[in-house]
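Basis for what follows: all heavy atoms, side chains included, without hydrogens, waters or symmetry-related copies. Proteins get letters first, then strands, A, B, ... in listed order; numbering begins at 1 in each.
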There are 2 protein chains.
Amino acid sequence: MQTSHEQFRDLAWKSGLAATHQRQVIYEAVMAAPGHYSPEQIYAAVRRQTPSISLATIYNNLRLFVEHGLLREVSPRTSTLLVEGNLEPHHHLVCTRCKAVQDIEGDFINYKKLSRQAPRGFDLTQPLVEVFGLCRRCSAEK
Amino acid sequence: MQTSHEQFRDLAWKSGLAATHQRQVIYEAVMAAPGHYSPEQIYAAVRRQTPSISLATIYNNLRLFVEHGLLREVSPRTSTLLVEGNLEPHHHLVCTRCKAVQDIEGDFINYKKLSRQAPRGFDLTQPLVEVFGLCRRCSAEK
DNA sequence: TTCTTGGATGAGAATCATTATAATCCAGGA
DNA sequence: TCCTGGATTATAATGATTCTCATCCAAGAA
């Protein structure tokens with residue numbers, strides 16, 4: 001059985017990333033337990049083992065890990081607030097790379113299955129969804 | 001037929017909001033054409049008619065309009081980046097009010113219908129979705 | 001093993017979006 | 001028309017994230 005150090009070195013090598021000590025501990029902090037973590041949370045956890053680490057290093061490497069598919073961004077966020085006047089129920093297609101948002105029509109959600117899976121008390125009246133993918137330009141550039 | 005001014009005064013009255021000149025022009029700027037608009041874009045458009053308006057007023061009123069259902073927020077955004085190590089395809093349930101994110105299992109997407117609706121060139125390999133609603137706590141507080 | 005070098009890191013400044021503050025201002029009821 | 005509480009303005013403050021640049025180190029070469 002591989003140690004977690006070896007696992008990371010392996011992944012880093014496959015992604016063409018240098019296996020630095022900082023990257024190791026950041027990666028292990030995220031993988032230690034399932035969950036959604038913010039840069040500040042990871043910073044706090046990692047500093048216990050590596051007090052000299054910089055917050056900028058956390059940000060740099062999280063971005064790198066997400067780009068290389070070692071981690072997933074929980075909720076691809078546009079840089080600014082966006083509002084729309086179209087109140088008709090409709091969905092959005094979001095490019096995970098450039099964050100562009102376009103409307104998408106159509107009924108592709110099985111509401112019965114969805115509400116069966118939702119936790120008790122979660123209000124799904126008018127469930128709107130965002131579908132993630134790569135827009136034409138970004139998928140061409142890749 | 002109602003003028004757009006009358007339409008807004010009507011909506012404002014129904015929502016219990018004072019119908020100020022600023023609110024009028026902000027609302028009309030968003031409704032002028034279908035699309036997704038940022039506060040800065042709206043600010044730029046509105047300043048042409050009302051040069052003295054403040055950016056803070058744009059932000060205040062967009063938030064107010066969204067809260068009262070006159071406008072919709074395109075993409076409810078968490079305040080900070082969140083990453084996860086779980087790379088298995090799974091979806092997220094997001095509270096539009098407090099922005100809390102939880103995992104949701106299950107296969108409630110009709111991928112065939114979805115890809116039929118997506119524009120040409122949009123890469124939907126591994127389509128992940130976020131479903132919006134109100135978490136138990138927020139739907140109780142409402 | 002040591003050497004070399006380009007990429008990685010650390011500290012803090014800078015930037016960007018958004019919110020808070022406090023002094024006017026005005027919509028709408030009396 | 002007059003009052004009053006909420007709305008607006010200008011600007012400062014905040015919080016998240018990125019940038020800058022001097023220093024450091026991982027990893028291939030010798």
Taking only residues two or more places apart in sequence, or in another chain, which ones meet A:F122 in a ring pair (Phe, Tyr, Trp, His ring centres under 6.0 Å)?
none
Euclidean distance, atom CD of residue A:Q22 to atom P of D:dC25 [Å, nearest integer]:
9 Å
Taking the side chain as every heavy atom from C-beta outward, state whether A:V46 and A:E28 have any pair of such atoms under 4.5 Å apart.
no
Residues from residues 71-82 of chain A lying under 4.0 Å of DNA chain D - heavy atoms:
A:R77
Identify the two heavy atoms, one from A:C138 and one from A:L134, that lie closest to each other, and give their separation to 0.1 Å.
CB-CD2, 4.1 Å
Mind checking what makes side-chain contact (heavy atoms from CB on, under 4.5 Å) contact with B:L81, not counting sequence neighbours?
A:P39, A:L62, A:E73, A:R77, B:V83
Among all residues two or more places apart in sequence or in another chain, which pass the side-chain contact (heavy atoms from CB on, under 4.5 Å) test with A:L17?
A:A12, A:S15, A:R23, A:L64, A:F65, A:H68
Quick check on contacts: within residues 29-66 of chain A, what sits under 4.0 Å from DNA chain C by heavy-atom distance?
A:S52, A:I53, A:S54, A:A56, A:T57, A:N61
Want to settle it: does A:A18 or B:L17 sit nearer the 5' end of DNA chain C, counting the closest nucleotide to each?
A:A18
Among residues two or more places apart or on two chains, list those pairs meeting salt bridge (Lys or Arg N to Asp or Glu O under 4.0 Å) that have a residue in residues 79-96 of chain A.
A:E84-B:R72
Quick one: ring pair (Phe, Tyr, Trp, His ring centres under 6.0 Å) partners of B:H90, sequence neighbours excluded?
B:H92
So, using side-chain contact (heavy atoms from CB on, under 4.5 Å) as the criterion, who are the partners of B:A44 when residues are at least two apart?
none
Axis-to-axis angle for the helix from C:dT1-D:dA30 to C:dA30-D:dT1, ends of five pairs each, to 10°, equals 30°
With sequence neighbours left out, which residue pairs that include part of residues 108-124 of chain B fulfil the side chain to side chain donor-acceptor pair (under 3.5 Å) condition?
B:D123-B:T125
Assess the side chains of B:E130 and A:S75: does a donor N or O sit below 3.5 Å from an acceptor N or O?
yes
The complete set of side chain to side chain donor-acceptor pair (under 3.5 Å) pairs with one or both residues in residues 41-59 of chain B, sequence neighbours excluded, reads B:H21-B:T50, B:S38-B:Q41, B:Y43-B:R47
Please identify the 5'-most and 3'-most nucleotides of DNA chain C with any atom under 4.0 angstrom from a heavy atom of chain A.
C:dA8 to C:dT18
Check the hydrophobic clustering (I, L, V, M, F, W, Y; side-chain heavy atoms under 4.5 Å; chains of links allowed) and say if A:V94 and A:I104 are grouped together.
no
In the structure I gave you, are the side-chain heavy atoms of B:K99 and B:P76 within less than 4.5 Å of one another anywhere?
yes
